[in-house]
Amino acid sequence: MDEHNRPIHTFQVCNVMEPNQNNWLRSNWISRQAAQKVYVELRFTLRDCNSIPWVSGTCKETFNLFYHETDEAHGVKFRPAQYTKIDTIAADESFTQMDLGDRILKLNTEVREVGPINRKGFYLAFQDIGACIALVSVRVYYKKCPFTLRNLASFPDTVPRVDSSSLVEVRGACVDHAEERDTPKLFCGADGDWLVPLGRCVCSVGYEEIDACRPGFYKAYAGNIKCSKCPPHSFSYGEASAICRCEKGFFRAEKDPPTMACTRPPSRPRNLMFNLNDTCLLLEWSPPSDTGGRRDLTYNVQCKRCGPEPDRCQQCEDELRFLPGPLGLTNATVTVVDFSAHANYTFEIESLNGVSDMSSFPRPVAIITVSTDQGGPSLVGALKKDWASPNSIALSWQQPEQTTLPIIDYEVKYYEKEHELLSYSSTRTKAPSVIVSGLKPATWYVFSVRTRTAAGYSSYSPKYEYETTGDCKYLRQSKVLFLLNQSFSVFSRCQWYFKAKMTSEDKRRANYQNGHVPYPGIKTYVDPDTYEDPTQAVHEFTKEIDPSRIRIERVIGAGEFGEVCSGRLRTPGKKEIAVAIKTLKGGYVERQRWDFLREASIMGQFDHPNIIRLEGVVTKSRPVMIVVEYMENGSLDSFLRQHDGHFTVIQLVGMLRGIASGMKYLSDMGYVHRDLAARNILVNSNLVCKVSDFGLSRVLEDDPEAAYTTTGGKIPIRWTAPEAISYRKFSSASDAWSYGIVMWEVMSYGERPYWEMSNQDVILSIEEGYRLPAPMGCPVALHQLMLHCWQKERNHRPKFTDIVSFLDKLIRNPSSLLPLVEDIQSQSDINLAQ
Ligand code: ACK
């Protein structure tokens, strides 16, 4: 019985009482098969001699294992002398009589290696020399590395070497639909384990691991990558596709990779137009609406010349000269020269791409007929000069009343009157107005305009002659100003003596005499520094607020004098309002208190929607506070940086208009800001921009942008006009320069003017005539206005009132903002190429 009490067959011997035992048991012949080394596992029981009385001389506790190699079976023949001993086998555990009674089976298992075996087979034999044994089972086996698949290669059953320290190198064979990358190899170890995988196979085209590509998928390259979905406009019906086939009407060019979508020929060019003058015919068109999904778009031009009967046409490419050529054009334009006057040419422009040749459909073309007898759509009305400066002339004209086709734009052609035959320039505008800049001072120019519709250009308007203003006139004006300045300084000295006794009305009058011409209904600004007792200025221009009406909510920033907080202000009988509260930190000296309150005394004099509004001050209790309206979006520069690209041009122009309007108010009042910059503009929740930071004579001390100049002042160099930098000539004209910089900051969404250039380089480059280029996406009209603000000669700069009305015009006519500087630049590149 085995341990589970099942009956088993055993070979037993137990002649322990008799001496000189020599009993043999021999196996059948065992075929070696592929084995070089075999293992013999024996399971047996053995009786403990001590547990058997009276057997001490004869009882043994071991038996012997033998083998004999032969190439064939010997039948019953058995000659023990031929056998080789493998080992003496002893039991780890032997059993006793008690174990038998308790039916405990103490089974031993022993394994022995036999080999190398060279003959075809062998016998095993067991020799008993007087033990009490039962041989329960004999298992004979050999070890092999079994068939395996590794790295898409199959490795066959492999028998290890007899010498257990050397490995068998086995080359794998790629499985079906896989191909070798590096020779796949495995090594078979002595214990039948596969070791050290090397090399690999990869899936062939059209197959992925485990499976063939499903329909709708493909695999164009061998490799252990997945099958991919067919690219757009292609399909695969069957399994294991190496490439997807193109849908009808779509193609794959020879060099297109299988991963690329199938493409089709492009549609026809659009908006084909011509522009004719005496010597040149410019054909221009827009790219097709459907490029077929490709980028290798080109155009061919064909020409037909037709007589009075339209069906009698001749090819005419050879008669004409095309620049750069008639075929394979990559730009949507071609210039035609050497044409005859008084002829009708029909041009066909076809768009092509890399698969056009594969389609059997006729190629769609755009057709235009050009009569070289000039004429065309309607004329524009009279050309009026709006204003002129030494370098620019602003023109406007009436829009043609009736045009069958919408006007695309106007072309303004101009040249110096004296050099009519030498050269001319042209500029385009979508609005019926233009500022022509880059002109010479005191020079006569000739202008004419023509309209462009989809049918081409009209003939030019009659010529109009206008002159730029001359420098002499300005020189004269400067002299007058200079003289006025002389008298001011005398007056200023006298003023000193009267200062204490002057009322604000007297001061306004004094300001008036200082050269500021007050506008009817607009007060003149009074410099609070002209008060001997500053408290009086504070008293005169600000309202004292009872601090109990103020509720401070949170700190929003740090000012030069203390924290800036937001909060609420209650006014009896009015709605509570949000306010910003600037505080003066404790431990100040009287001078600092005055510097702090000076801003309030200035702000309190202003009342304009684009100037930050002073609600009042707290001076009679601590802390001293200045309370102003709350501007939800904080300062303009950081606001723009946080919302880069978020606004329409019209919104940006709206902000600029607001700032210009605030500045117009300040300049009308005779107040010069000196530190106009986006960081000193605040923005509320409705995007209304308001001028702030009236830090005043001391403003520049507080501005982190301000740097000391050679003349000793502290100045925000990048925002300041050259005359203010070199000799502190601050004026509304220098504010206009700064306004130009603010325009640039706004249009570039808070970019730093002159980027990382040093202050010294900025000064030098301005001196050499360098000006900031237009920011990306900046309309031409706005950059021209900036350049106007940055005229070296300050009297040539626009006044804020001009700026406001110019911006208003742009806002009323948004199409005037469409031409962008970058578009015009690429257009002028084309013109230059011609
Ligand atoms: O850029 P900001 O958010 O806007 O951070 C500064 C900070 O206080 C220190 O000057 C903000 N600030 C100043 N005045 C006002 C105001 N009237 N309304 C809202 N924020 C203000 C400014």
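In what follows, every heavy atom counts, from backbone to side chain, and hydrogens, waters and symmetry copies are set aside. As the structure lists them, so they are numbered: ligands from 1, and atoms in each ligand from 1.
- In this view, W719 satisfies the ring-ring contact (aromatic ring centres under 6.0 Å, His included) rule with no residue, not counting sequence neighbours.
- Looking only at side-chain heavy atoms (C-beta outward), T801 and D668 stay at 4.5 Å or farther from each other.
- Looking at F800 and D735, their side chains come closer than 4.5 Å, going by heavy atoms from C-beta outward.
- G587 and Q592 make their closest contact through O-OE1, 4.4 Å (heavy atoms, listed as atom of the first residue, atom of the second, distance).
- Around the CG atom of D386, the shell of radius 6.0 Å holds more than 12 heavy atoms that belong to other residues, nucleotides or ligands.
- Between Y531 and F541, the angle of the ring planes goes over 60°, which puts this pair in the perpendicular group of the 30/60° scheme.
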Quick check on ligand 1: any N or O pairs to the protein under 3.5 Å? One line per pair.
| from | atom 1 | to | atom 2 | distance (Å) |
| --- | --- | --- | --- | --- |
| ligand 1 | 1 (O) | S635 | N | 3.3 |
| ligand 1 | 1 (O) | S635 | OG | 2.3 |
| ligand 1 | 4 (O) | S635 | N | 3.2 |
| ligand 1 | 4 (O) | S635 | OG | 3.2 |
| ligand 1 | 17 (N) | E629 | O | 2.9 |
| ligand 1 | 18 (N) | M631 | N | 2.8 |

